[in-house]
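Working notes, structure below.
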Amino acid sequence: MEWEVVIGLEIHTQLNTKTKIFSAAATAYGADPNTQACAVDLGLPGVLPVLNKEAVAKAAMFGLAVDATINDGSVFDRKNYFYPDLPKGYQISQLAIPIVEHGKLEIALEDGSTKVVGITRAHLEEDAGKSLHEDFDGMTGIDLNRAGTPLIEIVSEPEMSSAKEAVAYMKKIHSIVQYLGICDGNMQEGSFRCDANVSVRRKGEMELGTRTETKNLNSFRFVERAINYEIERQIDVIESGGRVVQETRLYDADDDSTRTMRTKEEANDYRYFPDPDLLPVKLDADLLVQLQEQLPELPDVKQKRFCNQYGLNNDDAEQISASRDMADYFEQVVKYANGEAKMAVNWVSGELSGALNQNNLEIGQTQVSAERLAQLISRISDNTISGKIAKEVFQAMWSSDKTADQVIEEKGLQQILDIGELEAIVDKVVGENPKQAEQYLSGKDKVFGFFVGKVMQITKGKANPAQVNELLKSKLV
Ligand code: ADP
Ligand code: MG
């Protein structure tokens, strides 16, 4: 590879406070348009913003989780621009002194190594409203429910060097803000979205290339695709003698490409200045101490603990600890299933996650509780049923309130453990298929599978595979 890729992300994270950052209006998603926008959010003359203490605490908590400096005395600035969904004519943000600075985050790379990505800053700001272009007979509607919703914008250093790394970084931040309970993480509803800054340069060059910024990517897949598209586009431009123009671009998921939104020449001059209605943010003396105490076990630490405590491999531990709720559920299963950790991981990230995805449910809405799943796992480990039959049992459990034992009992799915009964079936199968027996004895090992299949067919999968193998081997001699 002759080219080096440089990526920096700006992630907008909606803080899940009950009320807005500068007003008492509710923030709940999905209300009828403009039913949750008060005079402050509408930007009516004469109103004054009042800072939401919880938003400050949540931003600071994020800072603690990424080893950052929490600034006492951060300042709110007005970022001036005109847009229909911004009736005040300015957005309140933080420029020179953000609440959080100089953090860092470790991400896992594909080759198993790790890398630390710097977090330049995370500043508090208010979200704008929304323009709605549907259902208005060619007119555009403005919904100001989102106006004033608290955000932190998390800005990384330009230190990622592939789309995969950028996605790993974004997933890690996504996981952390949900661990902290400061953001619901819902990307479809826009609670967590990202702008991707991308540039390329020839290997060995010291100066960074000219970057483009692709706006408002609200899925990990879009981030990866938009970045890869930009990398190829920029390399093409330079290799064919052109120059990359610094600009803001939009990703179009329909044809998987990015296009120009505005160039540097058209860029806004935001005329930032400190908001005279808001004082610098003085933190309570004991706020950071309190937050530090409330800090939960974070994904990295949990992952390592899962490896040590349950003997999980790194990949399993990483996958299961990505979501705090999923990790808690997993630990419950292990507890109820007498420490069957490996099976618990497989079932939670396999069948259970599959069923949740299929039904568009979160782990908190699961149809099968940890205790019920644990009983199912115990029935595999005590040889009552095989892993294959267990999947059938799971499906029945998912669509009813029955326990694993009830399903096994009702459907008569217990494994045939009676060795005499199984031996009779094996004898019958071997006796009825002399040709295949001869083939096996003359060295065609593959035919063994034929016999196993026959026995499983007759027993409807209820025979213990290990016992079947053993019996067949002793008979086919
Ligand atoms: P702005 O506010 O205009 O978007 P910033 O300096 O805050 O500018 O940078 C925004 C993001 O762009 C940061 O995440 C930073 O890491 C990234 N970035 C800056 N320069 C480059 C570059 N040459 N290539 C890729 N990313 C860059
Ligand atoms: Mg930017």
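Remember, it's a predicted structure, so these values are computed and weren't measured experimentally. Remember, it's 1-based here, ligands and their atoms both numbered in the order they're listed.
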At a 4.0 Å threshold, what atoms of ligand 1 neighbour a non-hydrogen atom of [X]?
| X | answer |
| --- | --- |
| Val155 | 13 (C), 14 (O) |
| Gly209 | 23 (N) |
| Pro158 | 16 (O), 18 (N), 26 (N), 27 (C) |
| Val6 | 24 (N), 25 (C) |
| Glu213 | 4 (O) |

- request: For the pair Phe220 and His174, name the ring-plane relationship: parallel under 30°, tilted 30 to 60°, perpendicular over 60°.
  value: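 Geometry flag for His174 against Phe220: perpendicular rings.
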
query: Parallel, tilted or perpendicular: which describes the rings of Tyr81 and Tyr83, with under 30° parallel and over 60° perpendicular?
result: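 Judged by the thresholds at 30° and 60°, the geometry between Tyr81 and Tyr83 is tilted.
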
- prompt: Can you check whether Thr210 has an N/O within less than 3.5 Å of an N/O in ligand 1?
  reply: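 Min N/O separation from ligand 1 is not below 3.5 Å for Thr210.
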
query: Nearest to atom 8 (O) of ligand 1 by heavy atom, Arg211, Glu230, Glu10: which?
result: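 Among Arg211, Glu230, Glu10, the closest heavy atom to atom 8 (O) of ligand 1 comes from Arg211.
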
Option nearest atom 15 (C) of ligand 1 (shortest heavy-atom distance, choices Ser199, Ala196, Ser156):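 Answer by nearest heavy atom: Ser156.
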
field: Main-chain N/O of Glu157 paired to Thr120 side chain as donor or acceptor, under 3.5 Å
entry: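 Yes, Thr120 side chain to Glu157 backbone: donor-acceptor pair under 3.5 Å.
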
query: Short question: side chain of Asp316, backbone of Leu312 - any donor-acceptor pair under 3.5 Å?
result: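 No; judged by distance alone, with no hydrogens or angles, the pair does not exist.
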
query: Rounded to the nearest 0.5 Å, how far apart are OG of Ser353 and CD of Gln358?
result: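 One finds 12.0 Å between OG of Ser353 and CD of Gln358.
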
message: Would you compute the distance between atom CG of Asp127 and atom CD of Gln91 and round it to the nearest 0.5 angstrom?
response: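 So the CG of Asp127 and the CD of Gln91 are separated by 7.5 Å.
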
- prompt: Can you name the one residue among Tyr272, Phe273, Tyr270 that meets side chain to side chain contact (heavy atoms under 4.5 Å, CB included) with Asn80?
  reply: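 Passing option: Phe273.
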
message: Counting only heavy atoms closer than 4.0 Å, does ligand 1 sit against the backbone of Leu9, its side chain, both, or neither?
response: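 The answer is the backbone.
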
Proximity of Glu157 to ligand 1 by residue part, where a heavy atom lies under 4.0 Å: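 For Glu157, the contact with ligand 1 is made by the backbone alone.
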
